[in-house]
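Input: a single structure, listed below in C-alpha cells.
Numbering of ligands and ligand atoms starts at 1, following listing order. FYI, side chains are in, hydrogens and waters are out, and symmetry mates aren't considered; it's all heavy atoms of this structure.
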Amino acid sequence: MSFIRGLECKECGAGYPVEPRMMCDACFGPVEVAYDYEGMRGVVTRESIDAGPRSLWRYRDLLPIDGEPVAGLRSGFTPLVRADCLARELGVRELYIKDDSANYPTFSYKDRVVSVALTRAVEFGFETVACASTGNLAHSVAAHSAAAGLKAVVLIPHDLEEGKVVGTLVFGPQMIKVQGNYDAVNRLCTQVADRFGWAIVNVNLRPYYTEGAKTHGFEIAEQLGWRLPQHTVVPVAGGTILPKVWKAYRELVTLGLVEDVGPRIHAGQAAGCDPVVRAIETGTDTFHPQRPDTIARSIAIGNPADGPYAIRVVRDSGGAGASATDAEILDAVELLARTEGIFTEPAGGTTLAAAIKLIEAGTIPRDESICVCVTGNGLKTIEVQAGRLPSVPVIAARPEALAAVVDQAPAEPGAGSPEAAAPGGGRERWQRW
Ligand SMILES: *Cc1c(COP(=O)(O)O)cnc(C)c1O
Ligand SMILES: [Zn+2]
C-alpha cells in the first residue's frame with residue numbers, strides 16, 4: 001500500500017506527480033514527497049512496523065515506493081549503541097551512538113538513501129543509475145546496482161581516498177574522476193541530468209533518495225523503545241540527513257507512535273567546511289559557500305543543496321551547531337574507538353567532536369539524553385590515521401622476545417609477573433594502546 005500524495009515544492013507548495021524531478025518549475029525550489037498521514041492512522045502502528053523485516057524496509061509505508069523493494073533488502077536497522085564508557089568519559093548521563101558504520105553492504109548511511117532511490121529508479125524504468133559523490137554514495141550505488149542488475153555510473157572528485165575508490169571499483173561501475181571538488185562534480189551532474197536518460201540518485205531522483213535518510217531517525221526512536229532522544233547530533237554535508245532525521249521524528253509524533261519531547265537537532269561540520277554551522281552561529285537563514293579544506297572528505301560540501309533546510313531545522317528545533325578542526329576530529333575518532341570499540345571515518349569523528357563541544361559549552365545539558373549519529377566506517381579512510389598510532393614491534397617467534405616487548409619477564413607456569421603490575425609496566429602500556 002502506498003500513502004504517497006505526490007511531490008510538493010518546499011518553497012511555494014506547488015504540486016507535481018510522482019516523476020523524476022529535482023526542482024519546482026515555478027520557483028526552482030526543491031521538491032519533496034508528500035504523504036497522506038490521515039490515511040496512515042491506525043494502519044502504520046508500532047505493531048505493523050515491528051512485524052516488518054529487520055531492515056530499513058520495516059518503514060516502507062513511510063517511504064516513496066509503490067511496489068515491493070528491490071534494493072537494500074538487508075540495509076539499515078543498524079545498532080543503536082548505549083555508549084556508557086564514552087558517557088563516563090564525557091560526564092554525561094545517557095548517551096547513544098547510532099552506528100551506521102555497520103550498515104550493509106557498504107558501511108555508511110548512504111545504504112539507506114540508495115536502497116530507496118534504486119527501488120524507485122526501477123519503478124520508473126531506468127536501467128542506468130548514476131551519482132555525484134564524495135565517496136560513500138559512489139560506493140553504495142555501485143554495490144546496490146551490482147546486486148539489482150543495474151548499470152552504474154559514478155562521478156567522484158579526482159583525489160578521493162584509495163579505500164573508497166578500490167571499494168567502489170570492485171563492483172564494476174563506470175567510474176569517472178572529475179577535476180575539482182565535490183561541488184564541481186555535482187554541478188556537472190545537474191547540467192547533464194536529463195541528457196543521458198540516467199537516474200542520478202541525488203539529482204533527478206533526489207526527492208526519493210532523501211526520504212531514505214528518514215530511516216536513520218525512525219530507527220533511533222524505535223530502538224530507544226519508541227522514545228525520542230532530547231538531543232540528536234547529526235553531521236551536515238549536502239544537508240540531507242539532518243532535516244530528514246527531524247522529519248522522521250515529526251512523522252512519528254504525527255502518527256502518535258512517540259511522545260513529543262521537543263527533540264533538539266544539532267549540526268556538526270568540519271572547521272574546514274562549515275557553511276551551515278557558520279550560518280547557525282550568526283543567526284542567518286542562508287549560508288556563504290566555502291571551498292572545503294578538511295580530512296573529512298565525505299562531508300566536504302562547500303555549497304550544500306539542502307543547507308538552508310539544515311539551518312532551518314536546527315533553529316526551529318532549538319538546536320545549535322559546532323565545527324571541529326581536523327585534529328579534534330581525529331581525537332574524537334580515536335576516543336570513540338578506545339571507549340566503545342567503534343571505528344568511524346572522519347565524518348563520524350566530526351559529529352562526536354561537535355557533540356563534545358556542545359556538551360562542554362553547556363548547550364547540551366549533561367543530564368539529558370543524547371544520540372550521536374555515526375554515519376561512516378573508518379576502515380575506508382585509514383590514511384588519515386597515519387603517524388598517529390603507535391608503531392608495532394616485529395619480534396622473533398620466541399617467548400623471550402614476546403616477554404621483552406610486553407615488559408614482562410618470562411613467567412613460570414602459574415606464577416604472576418611482578419613487572420606486569422609495576423608502574424610503567426605492561427598494564428599501562430596496554431591501556432594506552
Ligand atoms: C553523505 C554523508 C553524510 C551526510 O551527508 P548529507 O548530504 O548531509 O546527508 C554524513 N556522513 C557520511 C559518512 C556521509 O557519507
Ligand atoms: Zn516552488
Side-chain angles (χ1 to χ4, degrees), residues 7-16 21-32 98-103 106-114 117 131-141 156 160-161 163-164 167-168 182-183 186 201-202 206 209-217 233-247 265 267-270 273-277 294-311 313-314 329 333 343-352 354 372-381 384:
L7 298 180
E8 222 172 70
C9 174
K10 288 180 83 159
E11 291 303 319
C12 75
Y16 296 92
R21 164 179 294 276
M22 180 174 173
M23 283 185 309
C24 171
D25 291 337
C27 76
F28 304 112
V31 292
E32 188 171 45
K98 178 56 179 169
D99 187 12
D100 269 6
S101 79
N103 214 342
T106 65
F107 314 106
S108 87
Y109 120 77
K110 295 302 194 300
D111 286 324
R112 301 178 181 281
V113 283
V114 171
C131 66
S133 173
T134 55
N136 285 322
L137 181 56
H139 196 193
S140 187
V141 164
I156 56 172
L160 275 196
E161 300 98 333
K164 288 186 180 158
T168 301
Y182 171 82
D183 296 293
N186 187 51
V201 298
N202 52 341
R206 192 168 180 85
Y209 159 95
T210 56
E211 284 291 288
K214 290 191 305 190
T215 61
H216 189 91
V233 189
V234 191
V236 176
T240 292
I241 187 173
L242 187 147
K244 292 295 176 170
V245 166
W246 173 244
K247 186 177 182 186
I265 311 284
Q269 290 197 301
C273 182
D274 63 350
V276 164
V277 167
T294 170
I295 55 162
R297 302 296 307 274
S298 57
I299 52 170
I301 299 185
N303 189 13
D306 287 319
Y309 301 100
I311 296 166
V313 161
V314 167
I329 291 168
V333 166
F343 184 20
T344 184
E345 62 162 275
T350 302
T351 316
L352 177 55
V372 175
C373 300
V374 162
T375 46
N377 193 301
L379 288 171
K380 295 195 213 179
T381 57
V384 300

Problem set entry | Of Val234, Val233, Asp99, the residue whose pairing with Cys373 passes side chain to side chain contact (heavy atoms under 4.5 Å, CB included) | Val234
Problem set entry | For the Zn ion (ligand 2), every protein N/O/S atom that sits closer than 2.8 Å, waters excluded | Cys9 SG, Cys12 SG, Cys24 SG, Cys27 SG
Below 3.5 Å, can you tabulate the donor-acceptor pairs from side chains in residues 302-310 to any protein atom, sequence neighbours excluded?
unit_1: Asp306; atom_1: OD2; unit_2: Arg206; atom_2: NE; d: 3.3
unit_1: Asp306; atom_1: OD2; unit_2: Arg206; atom_2: NH2; d: 2.9
unit_1: Tyr309; atom_1: OH; unit_2: Glu11; atom_2: OE2; d: 2.4

Exercise. Under a 4.0 Å heavy-atom cut-off, what residues line ligand 1?
Worked result: Tyr109, Lys110, Asn136, Pro235, Val236, Ala237, Gly238, Gly239, Thr240, Ile241, Ser298, Ile299, Glu345, Ala347, Thr375, Gly376
Exercise. Which atoms form the tightest heavy-atom contact between Gly135 and Leu160, and what is the distance?
Worked result: CA-CD1, 3.4 Å
Seminar exercise, completed: Applying salt bridge (Lys or Arg N to Asp or Glu O under 4.0 Å) to Lys214 and not counting sequence neighbours gives Glu211, Glu251
For this session: Would you name the heavy atoms of Pro235 and Thr351 that are closest together and state the gap between them?
Result: CB-OG1, 3.4 Å
Seminar exercise, completed: All heavy atoms of Ile241 vs all of Ala213, minimum pair found to be CA-CB, 4.1 Å
Seminar exercise, completed: The single option from Thr168, Asn136, Asp111 that satisfies side chain to side chain donor-acceptor pair (under 3.5 Å) with Thr106 is Asp111
Problem set entry | Minimum heavy-atom distance between Asp25 and Tyr16, given as atom pair plus value | N-OH, 2.9 Å
Problem set entry | Closest non-hydrogen atom pair between Ala296 and Ala270, with its separation | CB-CB, 4.2 Å
